[in-house]
Amino acid sequence: MTALAQNIDAITAGAVPHDEPALTDGFHLVIDALKLNGIETIYNVPGIPITDLGRLAQAEGLRVISFRHEQNAGNAAAIAGFLTKKPGICLTVSAPGFLNGLTALANATTNCFPMILISGSSEREIVDLQQGDYEEMDQLAIAKPLCKAAFRVLHAADIGIGVARAIRAAVSGRPGGVYLDLPAKLFSQVIDGALGAKSLVKVIDAAPAQLPAPAAIARALDVLKSAERPLIILGKGAAYAQADEAVRALVEESGIPYVPMSMAKGLLPDTHPLSAGAARSTALKDSDVVLLVGARLNWLLSHGKGKTWGEPGSKRFIQIDIEPREMDSNVEIVAPVVGDIGSCVEALLDGIRKDWKGAPSHWLETLRGKREANIAKMAPKLMKNSSPMCFHSALGALRTVIKERPDAILVNEGANTLDLARGIIDMYQPRKRLDVGTWGVMGIGMGFAVAAAVETGKPVLAVEGDSAFGFSGMEVETICRYELPVCIVIFNNNGIYRGTDTDPTGRDPGTTVFVKNSRYDKMMEAFGGVGVNVTTPDELKRAVDAAMDSGKPTLINAEIDPTAGSESGNIGSLNPQSTLKKKGG
Ligand code: ADP
Ligand code: MG
């Protein structure tokens with residue numbers, strides 16, 4: 001008998017083929033299940049009981065990026081999910097590590113980013129009897145209300161199914177965060193290698209296309225055709241869907257002006273003639289029919305009502321979303337279109353190609369006029385070469401950087417640093433702007449920056465308020481360790497909103513200020529990266545260009561006038577102020 005024939009005999013007899021180990025265990029099954037499903041990267045913080053899992057995963061060819069804190073690893077996984085449409089994987093230890101990762105999991109779910117938080121957990125029998133195990137915690141119960149789905153695997157033979165369920169739950173329908181609980185004992189469970197291999201599941205068509213009903217498309221087209229002042233709002237769901245060409249065709253062939261939400265910027269270039277981004281207030285207030293594409297009418301769109309939206313009853317909304325329950329969440333949706341954005345937009349486009357008279361020119365003229373006036377008003381502020389810098393002059397320099405390097409990824413968080421950068425820095429390509437998202441959460445910065453660099457291989461520019469940076473700042477060591485092409489710019493105005501608050505009693509520093517004139521650039525130098533301190537927009541531009549050209553991890557401390565910011569940036573109205581405050585200080 002030849003070796004081949006022997007092998008075939010062995011396989012048909014159910015024996016182990018020569019390249020399959022006789023035995024396998026929980027560790028290897030988790031890794032094999034992830035690999036089988038195309039997972040390439042794990043964002044990790046090692047420790048009990050998952051240390052060896054990370055180590056073995058690396059040995060088996062997965063990229064394992066180890067962080068200093070689980071929240072940052074979790075944020076990295078979440079944004080990897082947004083960028084790739086595959087679930088980002090975050091791996092943590094039990095109880096405290098799990099809880100640290102949970103903020104990112106909840107944030108991912110809120111933002112509709114697919115991720116899987118895999119946490120090791122302590123012994124079920126002891127945890128359930130509350131007998132005080134090492135890091136005792138009922139993690140599954142705690143995760144459940146904070147994510148889209150949560151699963152626990154108790155037997156090695158179920159790992160394949162557990163991972164498959166987690167992947168499907170994360171990416172199908174409205175994407176979100178999934179928790180996968182793996183008790184310590186599972187990892188060292190040994191089972192027969194052939195049985196193990198058979199137990200793995202390759203998920204077929206994890207996020208199936210969801211076609212809209214023809215009647216829903218017809219209804220939406222009727223409403224759209226009756227519009228005098230139509231407007232398209234593109235949300236980050238549209239960016240996530242990667243239906244870039246269809247979205248572009250819908251805008252250009254209909255001629256309807258559009259406003260991009262923050263992370264949808266660049267889906268079409270912000271300089272596009274149909275962009276009404278710089279005329280946002282007028283576009284929202286004066287439009288009569290609004291087509292929402294992967295954008296929710298939540299607080300970021302004033303819930304679809306109030307003075308942002310003009311006269312009550314002046315608006316009719318069409319909404320494209322994969323989640324049927326999103327419809328009518330805040331106001332009536334006269335034409336709900338439920339399905340995936342690619343399929344829905346293609347279907348609308350078909351209708352428009354058959355019969356469309358174009359968008360009314362008076363409306364386009366109104367928005368164009370408004371847009372040009374707003375841009376002209378802003379221009380001189382962006383060009384000042386002042387020292388100390390204000391937010392506008394510093395952002396003017398960074399706006400030029402992105403214009404010259406449109407494929408760089410911009411990560412952005414802070415208050416003034418966020419709100420002003422969103423308006424000032426034009427984006428030119430899809431999924432290049434990553435920011436605080438639906439919650440406006442601080443702390444995403446370094447996790448997002450790491451994952452953006454790892455997943456795309458493109459240079460990353462992280463524009464950070466000094467406060468925002470503090471939430472994930474220790475990851476500069478991670479950036480240096482993996483030698484990632486990340487340039488961090490800290491808008492250092494000595495504090496939160498402003499750097500000028502004082503304690504009225506004179507005892508302590510004010511609650512919103514930091515050490516004055518801190519040199520964050522020295523942090524980067526501590527780990528072998530490049531640190532630069534800059535005081536003018538010209539110096540800032542030069543330092544960022546040098547960082548982007550070299551690809552070396554760089555942190556630029558940009559000195560901003562401590563009096564320049566405003567309370568809570570653009571959302572001061574959400575920050576209640578006491579009318580009974582004592583004067584003083
Ligand atoms: P933004 O904050 O940019 O307005 P949101 O996060 O509020 O965006 O809204 C994104 C919406 O996109 C969510 O309602 C989500 O259900 C939807 N969505 C995500 N992916 C898809 C997809 N592939 N097809 C259709 N809708 C999607
Ligand atoms: Mg600040």
Side-chain angles (χ1 to χ4, degrees), residues 78-79 81-87 106-115 148 168-177 205-213 216-217 220 231-247 250 258-268 270 277 280 283-284 290-304 308 317-331 333 336-348 412 418-419 422 427 430-441 444 571:
I79 209 66
F82 171 74
L83 289 168
T84 64
K85 293 184 93 175
K86 284 197 277 185
N107 187 53
T109 308
T110 298
N111 281 282
C112 317
F113 300 157
M115 78 172 272
K148 191 176 167 193
R168 271 195 197 283
V171 298
S172 62
R174 170 182 278 176
D205 196 12
Q210 296 193 26
L211 305 186
I217 292 295
L231 178 70
I232 294 174
I233 296 185
L234 301 175
K236 62 175 157 339
Y240 173 80
Q242 297 192 17
D244 306 342
E245 281 318 306
V247 169
L250 177 69
Y258 71 96
V259 167
M261 298 300 287
S262 191
M263 282 177 61
K265 274 165 71 79
L267 210 43
L268 288 90
D270 282 332
R280 188 179 192 271
L284 265 48
V290 179
L291 168 59
L292 299 157
V293 184
R296 286 171 287 184
L297 281 175
N298 56 20
W299 71 280
L300 287 156
L301 282 169
S302 307
H303 305 281
T308 307
F317 289 100
I318 307 167
Q319 183 162 24
I320 299 180
D321 205 290
I322 203 153
E323 172 57 65
R325 288 182 303 171
E326 185 57 40
M327 306 301 159
D328 309 321
S329 62
N330 285 269
V331 294
I333 303 298
V337 181
V338 175
D340 72 273
I341 283 166
S343 306
C344 295
V345 170
E346 296 279 4
L348 281 182
N412 188 200
L418 173 87
D419 289 336
R422 188 197 296 119
M427 304 307 295
R431 295 170 296 282
K432 297 295 187 183
R433 184 183 158 84
L434 310 176
D435 68 26
V436 301
T438 305
W439 267 347
V441 66
I444 49 86
I571 52 172

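First listed ligand is number 1; within each ligand, the first listed atom is number 1. Side chains are part of it too, since the values below use all heavy atoms of this structure and drop only hydrogens, waters and symmetry mates.
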Worksheet item: Counting each atom of ligand 1 from 1 as listed, which ones have a heavy atom of Gly339 under 4.0 Å away?
Response: 24 (N), 25 (C)

Fill in: Exercise: identify the closest heavy-atom pair between Ala243 and Gly342
CB-CA, 3.6 Å

Practice prompt. Please state which part of Met261 comes within less than 4.0 Å of ligand 1, counting heavy atoms only: side chain, backbone, both or neither.
Written response: side chain

Discussion item. With heavy-atom distances below 4.0 Å as the criterion, list the atoms of ligand 1 near Tyr240.
Written reply: 20 (N)

Practice prompt. Using a 4.0 Å heavy-atom threshold (strictly under), name the region of Cys112 that reaches ligand 1: side chain, backbone, both or neither.
Written response: side chain

Worksheet entry | Options Ile233, Ile341, Asp435, Leu300, ranked by nearest heavy atom to atom 22 (C) of ligand 1, top entry | Ile341

Fill in: Taking atom 5 (P) of ligand 1 as the reference point, the nearest protein heavy atom with its distance
Arg296 NE, 3.3 Å

Item to complete: Using heavy-atom distances, let me know which of Ala264, Ser262, Gly237 sits nearest atom 12 (O) of ligand 1.
Response: Gly237

Worksheet entry | Protein contact to atom 3 (O) of ligand 1 [nearest heavy atom, distance to 0.1 Å] | Lys236 N, 2.7 Å

Fill in: Phe82 and Asn111, any side-chain heavy atoms less than 4.5 Å apart
no

Worksheet entry | Sub-4.5 Å side-chain heavy-atom contact between Ile320 and Leu348 | yes

Response to the item:
Within 4.0 Å of some non-hydrogen atom of Arg174, the atoms of ligand 1 are 13 (C), 14 (O), 15 (C), 16 (O)

Response to the item:
Contacts of Asp244 meeting side chain to side chain contact (heavy atoms under 4.5 Å, CB included) (sequence neighbours excluded), chain-then-number -> Leu267, Pro430, Arg431

Response to the item:
Among Thr110, Asp321, Val293, the residue with a heavy atom nearest to atom 11 (C) of ligand 1 is Asp321

Worksheet entry | Min side-chain heavy-atom separation Arg422-Met263 under 4.5 Å | no

Worksheet entry | Heavy-atom check, side chain of Val293 versus side chain of Tyr258, under 4.5 Å | no

Response to the item:
Counting from 1 in the order shown, the ligand 1 atoms closer than 4.0 Å to a non-hydrogen atom of Ala241 are 23 (N)

Item to complete: Using a 4.0 Å heavy-atom threshold (strictly under), name the region of Asn298 that reaches ligand 1: side chain, backbone, both or neither.
Response: side chain

Worksheet item: To the nearest 0.5 Å, what is the distance between NZ (Lys236) and CG (Leu300)?
Response: 7.0 Å

Fill in: Residues that Asp435 engages under side-chain hydrogen bond (donor to acceptor under 3.5 Å, both in side chains), provided they are two or more places apart
Ser262, Arg433

Worksheet item: atom 26 (N) of ligand 1: which protein heavy atom is closest, and how many Å away?
Response: Ile322 N, 3.1 Å

Fill in: Any side-chain heavy-atom pair of Pro260 and Met427 under 4.5 Å
no

Worksheet item: Looking at atom 10 (C) of ligand 1, what's its closest protein heavy atom, distance included?
Response: Gly294 O, 3.0 Å

